[in-house]
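Some notes on the structure that comes next.
Residue numbers start from 1 in every chain, and the chains themselves are labelled A, B, ... in the order their sequence lines are given, proteins ahead of strands.
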Amino acid sequence: MVQMNKGKNFMSIATQCESLLRKYSSSNSLSQTKQLHAFILTYGLFSSSRLSSILATTYAQCNHASYASYLFDNLTQRTLYSWNTMMRMNVQIGRPHDALNLFVEMLASGHVMPDNFTYPIVIKACADLSFVRMGVGIHGQTFKGCFDLDTFVQNCLLAMYMNVGEKEAAQLVFDLMKEPTLVSWNTMINGYFRNNFTEEALRVYSRMMDLGVEPDCATMVSVLPACGVLKNVELGREVHVIVREKGFWANMSVRNAMLDMYVKCGLMKEAQLLVNEMDEKDVVTWTTLISGHILNGDAKSALMLCPMMQCEGVKPNSVSIVSLLSACGSLVSLNHGKCLHAWAIRQWLDSEVHVETALIDMYTKCNHDNLGYKVFMKTSKKRTAPWNAVMSGFIHNRLAREAIKLFKKMLVEDVKPDNTTFSSFLPAYSFLADLQQATNIHCYLIKSGFLYRLEVASVLVDIYSKCGSLGYAHQVFNIIPLKDKDIIIWSVIIAAYGKHGHGEMAVSLFNQMVQSRVTPNQVTFTSVLHACSHAGLVDEGLSLFKSMLEQHKIIPHVDHYTCIIDLLGRAGRLNDAYNLIRTMPVTPNHAVWGALLGACVIHENVELGEEAARWTSELEPENTGNYVLLAKLYASVGRWRDAENVRDMVNEVGLRKLPAHSLIDARNM
DNA sequence: ATAGGGTTAG
């Protein structure tokens, strides 16, 4: 209970209340404030406007919005301090809009002028709301009172500009700072990182270190994710040393960020060692490790961590569930997924939008698009992500028409599509390969303006290519200015020409791409080599392959060898192809042998063809196409009995899919 | 009295 000296007069009771309120205000003790509030009411002390003002701000300090606002509204005199406190409360409880309204009201009242405490609050409010124009206006106002040189104001401006993606403005403010503090440096590092200027984040960090600024935990937590994204292990290890030296290891966030860095760099063994070293692990630690295993293609280990985590008394949260569900999806493990779904329901986590999305994703990846759709039907259908998940689920299960139907429904229900939406449902048109439909969606994309997004244009190029319309594909390709074309859209157009036998065009586009200083990757080389092999461009293909190895230092994938084998084989250089297979550093797969087999059929080389067929029947016994090729080969050299035997061989392995007409075709050749 | 920080979908 409130302790009061009853003997004293009115003024001194009020003074005692004041000092108690100040104490409660600094310790944020709401229940004691309420008791004192009741006391003040009973003793009729509200005639003291000073006391009610302090009471209002005390409630505001405790983030008790309803009492604070009520008292504040009834104040006869509002001090700058009380305005500031009310605004700060609103920002803290996530009502930046109300904070800004108060700011406008305060300016309109004309009694008080904002001070160095006001600006950080309202700038933060603008940052939370991404109100750039208002933020810039307030930035301008700070000059009037010479608050623009206040470190706190400047640091808030940095954070605001970074928050709304105006990195140039942030840099300008930063450059004007006479003495950037550690917080300024951290804000810049983190801001560049969050705006996807990861290299710049690291540059700021090293400049800061060069200047001898002492980093703190927040610096570590900002620089480590940047190391992770860039897979910069060297710098990551340097940071690790600093963390050890300075004792930051005691900080949970730093430990988790460190773990995340190793995970993102693909060093799972070191990540595990790091975890073993931790005697305290929270849900973020576990989730980082779980998603790390998934990221590195080991979904099984990820799922096994779930019971371990619970054994140690850590309860998964919605983020953990999302990661675990994605593991179930990639393992096509419906039972695990259902267990997690049930668990999420019991924990009241199942109606969180990320969880809903992950559930839909899991069910559709487990080939149960009906269950995914059921989850979707239960969602609020206001957020975009679940729609995207159902659409890509339909695509996964090759239900192109359903995906398109859902997209139309989404527009009707006025749900805003995002970039993912298009990568979720546009591939449906590639499946349909229907030029009329493709043209329809093309029109929509023009009208809605989405066509000018690189990812969208890339898919449309692919759609037209699948429809066989290279002209339209190229037109769409040309929409994107040369400087904006990325590796993906180049790969798509090269593959488009390659697929339709226009090898020269594919090679020429490839050269244009290299000229425009886009570095080709594994995928582009696969496309262009494929194009060469289809068009019989032997020399071009071989020299491209050479440049891939020597100039671009790309480690060849088995697909690249398949193209080269196909290339040599079609050109009749069967022995060269065979020798390459025997000497190549990657294990030849079914496709490699299949390419050789196909070439042997063209050039009627039974000896090598039989060898190739032996391998294909071992590596890919279920593919009837290979048997057809062998039968064709025998038939073409008149070995009818062997051709018949091939058919019997197929029957022996229990495959009756070999269509009868294939042998008949072979006979008729 | 004021500022900066870690794990998530497609």
Side-chain angles (χ1 to χ4, degrees), chain A residues 22 25-26 57 60-61 80-82 84-85 87-89 91-92 115-124 127 147 150-160 162-163 180-191 193-194 216-225 228 248 251-261 263-264 282-292 294-295 316-326 329 352-362 364-365 383-393 395-396 418-425 455:
Chain A
R22 282 192 213 288
S25 170
S26 55
T57 54
Q61 286 285 349
L80 178 56
Y81 178 79
S82 62
N84 284 348
T85 318
M87 289 190 278
R88 185 177 315 116
M89 176 196 72
V91 171
Q92 274 176 6
D115 68 352
N116 56 316
F117 292 105
T118 318
Y119 285 113
I121 301 164
V122 288
I123 292 168
K124 175 85 170 50
F147 296 119
D150 181 285
T151 319
F152 284 93
V153 174
Q154 286 173 319
N155 285 341
C156 283
L157 285 169
L158 291 183
M160 179 195 73
M162 281 304 193
N163 229 6
T181 63
L182 181 56
V183 173
S184 329
W185 286 103
N186 291 346
T187 310
M188 292 303 282
I189 296 169
N190 192 261
F193 170 70
R194 277 187 318 183
D216 68 355
C217 287
T219 321
M220 304 292 103
V221 183
S222 299
V223 75
L224 283 170
F248 296 151
N251 181 303
M252 179 72 86
S253 298
V254 172
R255 287 203 297 268
N256 288 338
M258 185 72 71
L259 179 64
D260 181 56
M261 184 274 295
V263 156
K264 293 262 161 67
D282 68 354
V283 63
V284 177
T285 319
W286 284 101
T287 310
T288 307
L289 199 57
I290 289 170
S291 58
I294 298 167
L295 202 70
N317 63 13
S318 60
V319 182
S320 335
I321 294 299
V322 168
S323 296
L324 290 164
L325 283 172
S326 95
E352 228 183 87
V353 67
H354 281 135
V355 176
E356 289 172 337
T357 310
L359 279 170
I360 297 167
D361 191 54
M362 181 274 294
T364 54
K365 287 223 174 91
R383 302 281 293 263
T384 313
W387 290 84
N388 294 348
V390 185
M391 287 189 288
S392 47
I395 297 289
H396 179 84
D418 61 12
N419 274 342
T420 317
T421 310
F422 294 100
S423 29
S424 298
F425 88 95
E455 309 87 343

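Every residue two or more places apart in sequence or in another chain that forms a side chain to side chain donor-acceptor pair (under 3.5 Å) with A:S184 is listed here: A:N155, A:T181.
We find that NE2 of A:H354 is positioned 13 Å from P of B:dT7, with the value rounded to whole Å. To the nearest angstrom, P of B:dA1 lies 21 Å from CD1 of A:I123. Rounded to whole angstrom, the span from the CZ atom of A:F147 across to the P atom of B:dT2 amounts to 17 Å. Rounded to an integer number of Å, the gap from A:D216 CG to B:dG5 P is 12 Å. In this structure, the CE atom of A:M258 is 14 Å from the P atom of B:dT7, given to the nearest Å. Rounded to whole angstrom, the span from the CZ atom of A:R22 across to the P atom of B:dA1 amounts to 9 Å. For the pair A:M261 CE and B:dG5 P, the interatomic distance rounds to 20 Å; values are reported in whole Å. Rounded to a whole Å, the CD atom of A:Q92 is 7 Å from the P atom of B:dA3.
Nucleic acid contact for A:N163: none, since no nucleic acid atom lies under 4.0 Å from a heavy atom of the residue. If you check every strand for non-hydrogen atoms under 4.0 Å, A:R255 touches nothing. Within the 4.0 angstrom heavy-atom criterion, base atoms lie near A:T287. If you check every strand for non-hydrogen atoms under 4.0 Å, A:N388 touches nothing. Nucleic acid contact class of A:N251 (heavy atoms, under 4.0 Å, all strands): base. Within the 4.0 angstrom heavy-atom criterion, base atoms lie near A:A385. Within 4.0 Å (heavy atoms only), A:S423 reaches no atom of the nucleic acid at all. As judged by a 4.0 angstrom heavy-atom cut-off over every strand, A:Y81 is placed among the base-contacting residues.
Closest to the side chain of A:F117, from the set B:dA3, B:dA1, B:dT8, is B:dA1. Side-chain atoms of A:R88 lie closest to B:dA1 of the nucleotides B:dT8, B:dA1, B:dG5. Here the nucleotide nearest the side chain of A:D260, chosen from B:dT7, B:dA3, B:dA9, is B:dT7. Nearest to the side-chain atoms of A:V254 among the listed nucleotides B:dT2, B:dG5, B:dT8 stands B:dG5. Of the candidates B:dA3, B:dG5, B:dA9, B:dG5 carries the atom nearest the A:S253 side chain, counting heavy atoms from C-beta on. Of the candidates B:dG5, B:dA3, B:dT7, the closest approach to any side-chain atom of A:N190 belongs to B:dG5. Ranking B:dA9, B:dG5, B:dT8 by closeness to the A:C217 side chain, first place goes to B:dG5.
Taking 4.0 angstrom as the limit, A:R194 places a side-chain polar atom (N or O) nearer than this to OP1 or OP2 of B:dG5. A sub-4.0 Å separation between OP1 or OP2 of B:dA1 and a side-chain N or O of A:N84 is absent.
Side chains of A:D260 and A:L224 form no contact here, defined as non-hydrogen atoms less than 4.5 Å apart. In this structure, A:H354 and A:V319 have side chains that are not in contact, with every pair of non-hydrogen atoms separated by 4.5 Å or more.
The two residues A:M391 and A:T421 come nearest to each other via the heavy atoms CE-CG2, 3.6 Å.
Exactly one residue among A:L157, A:N84, A:V153 makes a side chain to side chain contact (heavy atoms under 4.5 Å, CB included) with A:Y119. That residue is A:V153.
Aromatic stacking of A:F152 on B:dT2: satisfied, with centres closer than 5.5 Å and planes within an angle under 30 degrees.
Although no hydrogens or angles enter the test, the distance criterion places a donor-acceptor pair under 3.5 Å between the side chain of A:D216 and the main chain of A:T219.
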